[in-house]
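This report concerns only the one structure given below.
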Amino acid sequence: VQVMYGGQIVERGTTKEIFTAPKHPYTAALLTAIPRHSMERRKMPPKEKVSKARIEKTAFEMTREYGFSEVTARKLAERLGCSTQPIFRAYENMDDLRCDLFYMSTDYLIEKMLTVKSRTPAYMGLALSYIEFARNEKNLFQLIASIDDFGTQTISEFLKSEEGARIQKKICGETEACDRKKQELFTMFWMFVHGMAALIAGNRVEFSDREIRTYITKAYEGFIREV
């Protein structure tokens, strides 16, 4: 690198020497004229890309805390520390995000139900874990309860899945009944449990744990007699 002043070379050296240790006053003056913000911009690391998975995870956490109705694009962007642009690159609109969160919440619930500590009988453990979820995760339960908005599986379709078959087996136990009767038992029992969970989650009723167990037992035994 050569530095010229008044038509004459006043300093020469490598790029590193010129930029880090200028010897001529004119060279030093030239370097101070370089806008600092442009130099700083070169040193700044590239902005972290906001992935779809991170958007989903953050929106899921916000839904648990406040309910999905409070998860706006602006609030979600603030939590992510970005503009709304990455959100709408990943999703056409907020309804699409809501649909993904519905399935995330459903998977989360099913995992909790299938990994619940052993309770006897098995149907009681599943019912209690469902009700506990509705009580402790009210915002996620509210989203799951809006099932009609998402074109979800029917009960028959759900029971054909691996998770559905496992849940039905736990509920029906060793019941000697044909598949149609077992599906009928599952449907009646789960309608009862879901109704109780919805009432509890909505603070419409107050039951002690003992009362809940008693009602579940009586309902199950009544349904067994019907099938």
Side-chain angles (χ1 to χ4, degrees), residues 56-57 59-61 63-65 67-68 98-227:
E56 287 178 342
K57 181 180 179 183
F60 182 79
E61 292 169 352
T63 300
R64 290 184 72 184
E65 293 174 28
F68 185 78
R98 180 169 173 252
C99 186
D100 273 4
L101 292 176
F102 168 83
Y103 287 107
M104 287 179 68
S105 301
T106 302
D107 290 343
Y108 181 61
L109 167 59
I110 291 174
E111 181 183 0
K112 278 188 168 293
M113 290 172 61
L114 292 176
T115 57
V116 67
K117 292 181 180 179
S118 179
R119 286 168 171 167
T120 304
Y123 73 81
M124 181 65 73
L126 286 171
L128 290 177
S129 65
Y130 189 84
I131 291 171
E132 286 171 4
F133 181 89
R135 179 184 280 160
N136 300 328
E137 299 282 2
K138 291 185 178 183
N139 291 322
L140 294 184
F141 183 79
Q142 183 180 26
L143 182 61
I144 292 172
S146 60
I147 186 170
D148 291 340
D149 296 344
F150 299 101
T152 51
Q153 297 172 317
T154 64
I155 287 180
S156 298
E157 292 169 335
F158 172 69
L159 292 177
K160 291 176 184 177
S161 67
E162 181 181 349
E163 295 86 355
R166 289 172 64 187
I167 290 175
Q168 178 177 264
K169 185 176 180 180
K170 285 178 176 289
I171 289 176
C172 297
E174 302 302 322
T175 305
E176 295 182 2
C178 64
D179 290 342
R180 185 180 63 81
K181 290 292 186 180
K182 287 182 179 180
Q183 180 177 323
E184 186 179 332
L185 172 60
F186 174 90
T187 302
M188 290 190 297
F189 182 67
W190 214 251
M191 286 174 64
F192 172 82
V193 173
H194 177 75
M196 177 177 282
L199 289 171
I200 292 173
N203 298 318
R204 301 294 182 87
V205 295
E206 289 186 12
F207 294 136
S208 66
D209 290 345
R210 182 176 181 180
E211 287 175 320
I212 291 173
R213 285 175 173 272
T214 298
Y215 293 142
I216 291 172
T217 300
K218 289 183 176 181
Y220 184 81
E221 290 176 350
F223 295 145
I224 283 287
R225 287 193 295 270
E226 287 294 321
V227 299

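Please read these numbers as outputs of a predicted model, since none were measured by experiment.
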Legend entry - Residues in ring pair (Phe, Tyr, Trp, His ring centres under 6.0 Å) contact with F68, at least two apart in sequence or another chain: none

Inset, instruction - Quick one: pull up CE in M124 and OG1 in T217 and give me the separation to the nearest 0.5 Å. - result: 3.0 Å

Inset, instruction - Go through the structure and list residues passing salt bridge (Lys or Arg N to Asp or Glu O under 4.0 Å) with R166, not counting sequence neighbours. - result: none

Inset, instruction - Go through the structure and list residues passing side-chain contact (heavy atoms from CB on, under 4.5 Å) with S105, not counting sequence neighbours. - result: F60, L140, L143, I144

Inset, instruction - Taking the side chain as every heavy atom from C-beta outward, state whether V193 and Y215 have any atom pair closer than 4.5 Å. - result: no

Legend entry - Passing option when H194 is tested against F189, F133, F141 for ring-ring contact (aromatic ring centres under 6.0 Å, His included): F141

Legend entry - Validation row: R213, L128 side chains within 4.5 angstrom (heavy atoms): yes

Legend entry - CZ-OG1 distance between F223 and T187, expressed to the nearest 0.5 angstrom: 10.5 Å

Legend entry - side-chain hydrogen bond (donor to acceptor under 3.5 Å, both in side chains) partners of E56, counting only residues at least two apart: Y91

Inset, instruction - Say whether, by atom type as modelled, one donor and one acceptor occur between the side chain of Y130 and the main chain of L109 under 3.5 angstrom. - result: no

Legend entry - Non-neighbouring partners of E206 that pass salt bridge (Lys or Arg N to Asp or Glu O under 4.0 Å), sequence neighbours left out: none

Legend entry - Partners passing ring pair (Phe, Tyr, Trp, His ring centres under 6.0 Å) against F192 (at least two apart in sequence or in another chain): none

Inset, instruction - Search all heavy atoms of M113 against all heavy atoms of S129 and return the closest pair with its distance. - result: CG-OG, 3.5 Å

Inset, instruction - Mind checking side-chain hydrogen bond (donor to acceptor under 3.5 Å, both in side chains) for E221 and listing every partner two or more places apart, or none if nothing turns up? - result: none

Inset, instruction - Over all heavy atoms of both residues, which pair between R135 and F207 is shortest? Give the atoms and the distance, please. - result: NH2-O, 4.0 Å

Inset, instruction - List the atom of M196, the atom of I212, and the distance in Å for their closest heavy-atom pair. - result: SD-CG2, 4.0 Å

Legend entry - Under the salt bridge (Lys or Arg N to Asp or Glu O under 4.0 Å) test, residues paired with R180 that sit two or more places apart: E184

Inset, instruction - Please name all residues satisfying side-chain hydrogen bond (donor to acceptor under 3.5 Å, both in side chains) with N203, sequence neighbours left out, ordered by chain then number. - result: K138

Inset, instruction - Look up atom NZ in K112 and atom CD in E137, then write down how far apart they are to the nearest 0.5 Å. - result: 6.5 Å

Legend entry - side-chain hydrogen bond (donor to acceptor under 3.5 Å, both in side chains) partners of Q142, counting only residues at least two apart: none

Inset, instruction - Calculate, to the nearest 0.5 Å, the distance between atoms CH2 and CD1 belonging to W190 and I167 respectively. - result: 6.0 Å

Legend entry - Residue pair A201 / A134: nearest heavy atoms and the distance that separates them: CB-O, 3.4 Å

Legend entry - CG on L126 to CD1 on I216, rounded to 0.5 Å: 10.5 Å

Inset, instruction - Mind checking the CD1-NZ spacing from I171 to K182? Nearest 0.5 Å is all I need. - result: 12.5 Å

